[in-house]
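Working notes, beginning with the structure itself.
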Amino acid sequence: MPVVKHPDSRKLIAYCDTCLAAGSPPRRSDLPAREIVALLPNIFMLEPVDARGADWRFRLMGQGIVSRFGGDATDLTISQLYDPAQVEHNARIYREVSIGDTPNVTHGTFQGIDKEYLEFEIVHLPLIGTDGDTRWILGGIFFDGTHLTTS
């Protein structure tokens, strides 16, 4: 796992670690949780579309993400949103995280109109879905290079 740089990523991972230490990943039915309420604008959730986890649907998109990107992807699948070459890559990461209970952290820079050089950190964590059994993804996307550190 890459180094976790953003303090909000650390908080989200700590919340997940606490749940795992108690015996299970976080559950959809337990969210929103007091421990991460300040992070909710930058939280998203993904549910597998099929048993193979070949495609995933956004089930929740925090208002901070919606505002940053100018649209709400809730109920859309990654195959509807991402370049085809990225769908399998991302689906594989989501499968690995959801099954392995191991976080995935991604760093990058968005480049686009009004987003030039916008640094981000994305955290993917395991989540138990609404049926109490299916593994989902609890994610956070955190921006603002002034908050990113090298340690």
Side-chain angles (χ1 to χ4, degrees), residues 1-33 35-62 64-66 68-69 71-111 118-145 147-151:
M1 182 175 72
V3 174
V4 180
K5 298 179 179 181
H6 199 286
D8 290 343
S9 294
R10 290 188 188 110
K11 289 176 191 172
L12 189 58
I13 291 170
Y15 170 73
C16 183
D17 286 347
T18 298
C19 294
L20 287 167
S24 151
R27 297 180 171 276
R28 175 62 183 103
S29 59
D30 295 333
L31 297 172
E35 298 90 339
I36 59 169
V37 73
L39 308 180
L40 293 180
N42 291 66
I43 296 292
F44 60 91
M45 293 179 193
L46 288 155
E47 172 187 26
V49 172
D50 57 38
R52 295 181 309 116
D55 200 4
W56 294 71
R57 182 176 313 281
F58 283 94
R59 283 297 174 202
L60 179 125
M61 180 91 32
I65 300 169
V66 171
R68 175 76 67 176
F69 291 107
D72 188 351
T74 301
D75 291 328
L76 297 176
T77 63
I78 63 172
S79 63
Q80 292 172 303
L81 295 168
Y82 299 170
D83 182 86
Q86 292 296 84
V87 172
E88 175 51 35
H89 171 78
N90 286 2
R92 180 182 47 78
I93 290 170
Y94 304 155
R95 286 189 304 268
E96 290 173 1
V97 169
S98 66
I99 293 168
D101 293 342
T102 303
N104 179 70
V105 179
T106 302
H107 301 109
T109 304
F110 283 111
Q111 295 179 4
L118 180 63
E119 293 182 47
F120 67 88
E121 182 169 81
I122 301 174
V123 178
H124 298 104
L125 302 162
L127 178 70
I128 303 294
T130 55
D131 66 1
D133 187 47
T134 304
R135 293 298 190 103
W136 288 18
I137 293 294
L138 171 63
I141 182 165
F142 305 106
F143 300 95
D144 190 354
H147 291 121
L148 296 179
T149 62
T150 56
S151 59

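What you are looking at is a predicted structure, and each value in this text was computed from that prediction instead of being measured. Only this structure's heavy atoms are used, side chains among them; waters, hydrogens and symmetry mates stay out.
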Considering only heavy atoms from C-beta outward, does the side chain of Asn104 approach that of Val123 to under 4.5 Å?
-> no
Show your working on side-chain contact (heavy atoms from CB on, under 4.5 Å) between Phe44 and Leu46 and close with a plain yes or no.
-> CA-CA 7 Å; Phe44 60 91; Leu46 288 155; 3.8 Å; yes
Donor-acceptor pair, Asn42 side chain versus Ile141 backbone, under 3.5 Å?
-> yes
In terms of side-chain geometry, is the basic nitrogen of Glu88 or Arg95 positioned less than 4.0 Å from the acidic oxygen of its partner?
-> yes
Can you tell me if Arg135 uses its side chain to pair, donor with acceptor, with the backbone of Pro126 under 3.5 Å?
-> no
Quick one: do Thr74 and Val66 satisfy side-chain contact (heavy atoms from CB on, under 4.5 Å)? Show the steps, please.
-> CA-CA 9 Å; Thr74 301; Val66 171; 5.9 Å; no
Contact summary for Gly129 and Arg28, nearest pair of heavy atoms | C-CB, 4.0 Å
Is a side-chain N or O of Glu119 found less than 3.5 angstrom from the main chain of Gly108, in a donor-acceptor match?
-> no
Should Val97 and Ile137 count as side-chain neighbours, where that means a heavy-atom distance under 4.5 Å?
-> yes
Identify the residue among Thr77, Leu81, Asp75 that makes a side chain to side chain contact (heavy atoms under 4.5 Å, CB included) with Phe58.
-> Leu81
Do the charged groups of Glu47 and Arg57 touch, with an N to O distance under 4.0 Å?
-> no
When you check the gap from the basic side-chain N to the acidic O, do Asp8 and Lys11 get nearer than 4.0 Å?
-> yes
Looking only at non-hydrogen atoms, find the nearest pair between Ser9 and Glu121 and report the distance.
-> OG-OE1, 2.6 Å
Closest approach of Gly53 and Ala91, non-hydrogen atoms and distance?
-> O-CB, 3.5 Å
Option passing side chain to side chain contact (heavy atoms under 4.5 Å, CB included) with Asp101 (candidates Asp17, Leu20, Leu125) = Leu20
Considering only heavy atoms from C-beta outward, does the side chain of Ile128 approach that of Asp133 to under 4.5 Å?
-> no
Would you give the length of the straight line joining atom CE of Met61 to atom CZ of Phe69, rounded to the nearest 0.5 angstrom?
-> 9.0 Å
Quick one: does Val105's side chain get under 4.5 Å of Ile122's, heavy atoms only?
-> no
Are Tyr94 and His124 near enough that their ring centres are under 6.0 Å apart?
-> yes
Any Cys16 side-chain heavy atom under 4.5 Å of Pro103 side chain | no
Residues which pass ring pair (Phe, Tyr, Trp, His ring centres under 6.0 Å) with Trp136, listed by chain and number, not counting sequence neighbours | none
Can you find a pair of side-chain heavy atoms, one from Glu96 and one from Thr102, that are under 4.5 Å apart?
-> no
Under the side-chain contact (heavy atoms from CB on, under 4.5 Å) criterion, do Leu31 and Leu138 qualify, and how do the steps go?
-> CA-CA 10 Å; Leu31 297 172; Leu138 171 63; 4.2 Å; yes
Straight-line distance of Ile13 CD1 to His6 NE2, nearest 0.5 Å = 12.0 Å
Side chains of Pro26 and Leu127 in contact at under 4.5 Å (non-hydrogen atoms) = yes
About how many Å separate CD of Glu35 and SG of Cys19, when rounded to the nearest 0.5 Å?
-> 7.0 Å
